[in-house]
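The structure appears below as structure tokens.
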Amino acid sequence: MLVLRSAALFVVAAVFEIGGAWLVWQGVREHRGWLWAAGGVLALGAYGFVATFQPDAHFGRVLAAYGGIFIAGSLLWGVIADGYRPDRWDITGALICLAGMAVLMWAPRSGG
């Protein structure tokens, strides 16, 4: 159950961070307006808040593991929102990052 909670928090955090960055990009680079950018800034703040609910209390580990989610999630966001078509190396790299995230967060640890 702890792994499911942690995975769900990673997904929610990814939506906030990647979505927030995308909103800023749309607001500034695509000239959709400052309200889009402001919404992005709020979403980025929400990402940081959601990340604090991870059951692991080690900031460095959570942020490092989140890097794998960010990479894979960013590719998926690009596919859905912008029509990006990843090649086999994009997909291979994303899978490696997800495996690294799983090892960082959920590998058995000694008590010491």
Side-chain angles (χ1 to χ4, degrees):
M1 196 60 147
L2 201 58
V3 171
L4 289 177
R5 177 177 179 244
S6 176
L9 285 168
F10 273 125
V11 169
V12 171
V15 169
F16 280 129
E17 188 190 18
I18 298 164
W22 184 80
L23 286 169
V24 171
W25 182 280
Q26 293 296 307
V28 177
R29 297 266 320 205
E30 302 297 326
H31 308 290
R32 294 202 178 189
W34 288 105
L35 283 178
W36 281 66
V41 169
L42 291 173
L44 288 165
Y47 147 70
F49 188 74
V50 170
T52 65
F53 290 112
Q54 277 293 340
D56 192 309
H58 296 93
F59 178 78
R61 181 179 298 139
V62 170
L63 240 41
Y66 181 72
I69 298 293
F70 180 78
I71 290 167
S74 294
L75 286 173
L76 181 61
W77 191 284
V79 167
I80 293 169
D82 291 327
Y84 178 68
R85 297 290 170 241
D87 64 20
R88 68 176 184 245
W89 297 113
D90 293 329
I91 293 167
T92 300
L95 291 173
I96 290 168
C97 290
L98 289 174
M101 178 278 306
V103 169
L104 281 165
M105 288 302 294
W106 305 320
R109 307 234 184 251
S110 65

Side chain to side chain contact (heavy atoms under 4.5 Å, CB included) assessment of R29 paired with V24
CA-CA 8 Å; R29 297 266 320 205; V24 171; over 6 Å; no
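- Hydrophobic clustering, with ILVMFWY side chains joined whenever heavy atoms are under 4.5 angstrom apart, groups W77 together with L98.
- Taking CG from D82 and CH2 from W25, the interatomic distance works out to 9.0 Å, rounded to the nearest 0.5 Å.
- Placement of M105 and V3 within a single hydrophobic cluster is found when ILVMFWY residues are connected by side-chain heavy-atom separations under 4.5 Å, directly or transitively.
- For the pair M101 and Y66, the minimum side-chain heavy-atom distance is 4.5 Å or more.
- Side-chain heavy atoms closer than 4.5 Å link hydrophobic residues (I, L, V, M, F, W, Y) into clusters, and following such links, possibly through other members, connects W106 to V62.
- Note on I71 and F16: separate hydrophobic clusters, where clusters join Ile, Leu, Val, Met, Phe, Trp and Tyr whose side-chain heavy atoms are under 4.5 Å apart, directly or indirectly.
- For the pair P86 and V79, the minimum side-chain heavy-atom distance is below 4.5 Å.
- Once rounded to the nearest 0.5 Å, the distance linking CD1 of I69 with CD1 of I18 reads 8.5 Å.
- Proximity of Y47 to V12: side-chain heavy atoms (C-beta onward) are nowhere separated by under 4.5 Å.
- A donor-acceptor distance shorter than 3.5 angstrom exists from the side chain of S74 to the backbone of F70, with no hydrogens or angles considered.
- Once rounded to the nearest 0.5 Å, the distance linking CG of L95 with CG of D90 reads 11.0 Å.
- In this structure, the separation between NE2 on H31 and CD on Q26 is 11.0 Å, given to the nearest 0.5 Å.
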What do the steps show when you test E30 against W36 for side chain to side chain contact (heavy atoms under 4.5 Å, CB included), and what is the final call?
CA-CA 10 Å; E30 302 297 326; W36 281 66; over 6 Å; no
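- Note: F59 CZ to T52 OG1 = 10.5 Å, rounded to the nearest 0.5 Å.
- Hydrophobic clustering, with ILVMFWY side chains joined whenever heavy atoms are under 4.5 angstrom apart, groups F53 together with L63.
- Within the model, atoms CZ of R61 and CZ of R109 stand 3.5 Å from one another, a figure rounded to the nearest 0.5 Å.
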